Amino acid sequence: MHPRPKLFHGKFRLGNISPGNKHSLRPFSSDNNPLPIVTELISNQHWRSLKTHLLDANATTLLQQLLDSRIDPCLTLRYYKWSEEEFNLSHSLEHSCMLLHSLANSKEYSKMRSFLYGFVKNENHISVSSIFHAISISGDSFCAGSIIADMLILTYVNHMRSHLGFEAFKRAGDYGFKLSVMSCNPLLSALVKNEKVEHMEYVYKEMIRRRIEVNVISFNTVVNGLCKVGKLNKASDVVLDMKAWGILPDVITYNTLIGGYCKKGRIGKMYKADAILKEMIASEVRPNEITFNILIDGFCKDENLSAAMKVFGEMQTQGLKPTVVTYNSLINTLCLEGKLDEAFCMLDEMVGSGLKPNVVTYNALINGYCKKGKMKEATNLFDDAVRQGISPTVITYNTLIDAYCKCGRMEDAFALRESMVDRGIFPNVSTYNCLIAGLCREGNIAVVRKLINEMQNKGLKVDFVTYNILVGALCKDGQSRKAARLLDEMVKIGLRPNHVTYNTLMDGYCREENLRAALNVKTQMEKERMWPNVVTYNVLIKGLCKKGKLKDANGLLNEMLEKGLVPNRTTYEIVKEEMVDKGFVPDIEGHLYNISGS
DNA sequence: TTAGGGTTAG
């Protein structure tokens, strides 16, 4: 492809002289109007004859004349494409936009779409601002300009350029072009997918401010974006907004909100999810299979299998048939709890009801075997899946690779990595993370370095999990100070340390009995508005107890409760072994017996 | 153009 010339400012100028035509620049004269003949030639695709005619003019001048005339813009488009190809030239952005204006006026939308793709597909694309400038000066129909802007945004979004789509959305506002849901909804959705929720919020607010038409899909997408980043209160506010706009929440709105609470909600999240379900039913929106699947999976992830099974029963009472997804959630949970027999019973039930297990089902079961270290059975299941015509995915391989690493069979792990490539499945960051973690366990730092280099050569970026593994490895090796420096490195490359990162580092300091440093990490977390979780407290309480600082540990226990965090089984074990058994009675003793009994 | 399930780090 040839880079297009920059936009011509001011009046159109004669440029782009076609090769082999250097001696003659005379345009077609008005008294000897060749347009009817030229139109005829283009229409019949008599390109050779047209080329002969062009000896008297240049390609750009003819384009200008076609654009100035009232001829069918589709013919002008045909000529535009042919002349670019034939004379190895790029028409100006202004001419391109003039053509887009006439295509828009003739409602030739599909032709506009493919034409606009030309603006987007090149890596060295034309800047959004110059396109908008060209749109505004190359036609006087505000309506056509709006359509072009709208389609341009959609083109960016459809070709994975949502950042440019977002920029174009802002520009469209500057020029006052009126956009539609046809482009704004896909833009909202793309911004959510690319985790640009703040940009999504901006687009949403602007849609309302600019009085762009919004529909139930716009609201649902916004609710989904907010749920994904845990802004659940804001998501609920958007549901109120939509009602205020006279748009009633539908089953997707409610499912999204319930799913948001199931995944990101904190204490009592399932209670809240259940409350939304009740509100949904009260609003006469009927829950569907997906509603039940979300709830079942929510209870499963909340380690409440009995509640999940109850919802599973309720689903069937309501006359809804469980789907593959329903069974997969339950099978996965049973596998993670080590209840493989029950998982296989569930599989039988699933098959018995006419459902075919898919790769997710197999991945869950393979993982079940892997977690028990039953590699032979896991491999057999893998072969079984392949025989059934189910193609393994990168997750299937990662599951097996991780299991081999965890039982110290590094050679088998690396061999599997080779065989996945043979199958055309390429290792991803997680594959490398599993291998790196395995090598770290063995203390084989030299190979870890080699793997990280290899990843980078393959264009794979290390992620926060990679760093967390490395932080953990250094901490275990008594090099917590060095691990702390990795956190700075993470921030430098744009990765945000998460709870695991901080908790791992804190644990390292506690092992080194450097409690001051460990408590400083907690302060650092709080400064970053990353609120300590149960694991944070468990690590610190254990560290303080080991140093005999039982009163301080007790203080932290109280702080944890005041913050509404629920102590878990590990908390109980620490407190029992380190405090109660040593004759110290913590303030939360009664509370702890409740947990131990649960 | 909107909602659900499977792998890796504490």
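Side chains included, hydrogens not; waters and symmetry mates left out as well; all remaining heavy atoms used. Note on naming: letters A, B, ... go to the chains in the order of the sequence lines (proteins, then strands), and numbering restarts at 1 for each one. Since we're looking at a predicted model, the values are computed, not measured.
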(message) Which nucleotide wins on minimum distance to the side chain of N288(A), given the candidates dT7(B), dA3(B), dA9(B)?
(response) dA3(B)
(request) Measure the shortest side-chain to side-chain distance between F312(A) and F299(A) over non-hydrogen atoms and say whether it is less than 4.5 angstrom. (result) no
(request) Take the protein atom OH of Y467(A) and the nucleotide atom P of dT8(B), then report the distance between them rounded to whole Å. (result) 22 Å
(request) Compute whether any side-chain donor of one residue and acceptor of the other, for N332(A) and N363(A), lie under 3.5 angstrom apart. (result) no
(request) Report the nucleotide, chosen from dA3(B), dA9(B), dT2(B), that has the shortest atom-to-atom distance to any side-chain atom of S189(A). (result) dT2(B)
(message) For the residue pair R417(A) and F426(A), would you count it as a cation-pi contact if the rule is NZ or CZ under 6.0 angstrom from the ring centre and within 45 degrees of the ring axis?
(response) no
(request) Could you tell me the separation between the OH atom of Y432(A) and the C1' atom of dA9(B), rounded to a whole number of Å? (result) 18 Å
(message) Distance criterion of 3.5 Å, no angle test: do you see the side chain of T399(A) paired donor-to-acceptor with the base of dG6(B)?
(response) no
(request) Rounded to the nearest angstrom, tell me the gap between atom NZ in K356(A) and atom C1' in dG6(B). (result) 17 Å
(message) Whether K406(A) contacts dT7(B) is assessed here as follows: a side-chain N or O lying under 4.0 Å from the phosphate OP1 or OP2. Is that the case?
(response) no
(request) Would you tell me if any nitrogen or oxygen in the side chain of K301(A) comes within less than 4.0 Å of OP1 or OP2 on dG6(B)? (result) yes
(request) Name the closest nucleotide to the N503(A) side chain, picking from dA9(B), dG6(B), dG10(B). (result) dG10(B)
(request) Check whether any side-chain nitrogen or oxygen of K371(A) sits under 4.0 Å from OP1 or OP2 of dT8(B), and answer yes or no. (result) yes
(message) The side chain of N255(A) is closest to which nucleotide in this list: dT8(B), dG6(B), dA3(B)?
(response) dA3(B)
(message) Taking the six-membered ring of Y261(A) as reference, does the cationic atom of K272(A) (NZ for Lys, CZ for Arg) lie under 6.0 Å from its centre and within 45° of its axis?
(response) yes
(request) With the side chain counted from C-beta on, respond yes when N433(A) and D463(A) share a heavy-atom pair under 4.5 Å apart, and no when they do not. (result) yes
(request) Please report, rounded to the nearest Å, how far the C1' atom of dG10(B) is from the CH2 atom of W531(A). (result) 20 Å
(message) How many whole angstroms separate atom CG of L188(A) from atom P of dA3(B)?
(response) 12 Å
(message) Please classify the nucleic acid contact of V324(A) as base, sugar-phosphate, or nothing, using heavy-atom distances under 4.0 Å.
(response) base
(message) Nearest whole Å is fine: how far is dG10(B) C1' from L540(A) CG?
(response) 13 Å
(request) Calculate the interatomic distance between K228(A) atom NZ and dT2(B) atom P; express it in whole Å. (result) 11 Å
(message) side chain to side chain contact (heavy atoms under 4.5 Å, CB included), that's the test. Do F464(A) and N468(A) meet it? Break it down for me.
(response) CA-CA 6 Å; F464(A) 60 99; N468(A) 288 349; 4.2 Å; yes
(request) Could you check which of dA3(B), dG10(B), dA9(B) has an atom nearest any side-chain atom of H499(A)? (result) dG10(B)
(request) Please work out if N358(A) contacts a base, only the sugar-phosphate, or nothing of the nucleic acid, heavy-atom cut-off 4.0 Å. (result) base
(message) Of the listed nucleotides (dA9(B), dG6(B), dT2(B)), which one gets closest to any side-chain atom of I252(A)?
(response) dT2(B)
(message) Side chain of R441(A), heavy atoms from C-beta onward: which of dA9(B), dA3(B), dT7(B) has the nearest atom to it?
(response) dA9(B)
(request) Take the protein atom CE of M420(A) and the nucleotide atom C1' of dT7(B), then report the distance between them rounded to whole Å. (result) 10 Å
(message) Nearest to the side chain of V500(A), heavy atoms from C-beta on, is which of dA3(B), dA9(B), dT1(B)?
(response) dA9(B)
(message) When you measure from the side-chain N and O atoms of N367(A) to the phosphate of dT7(B), is any distance below 4.0 Å, counting only OP1 and OP2?
(response) yes
(request) Scan F464(A) against the nucleic acid and name what it touches under 4.0 Å (heavy atoms): base, sugar-phosphate only, or nothing. (result) base
(message) Under 4.0 Å, counting only non-hydrogen atoms across every strand here, what does N498(A) touch: a base, just sugar-phosphate, or nothing?
(response) base
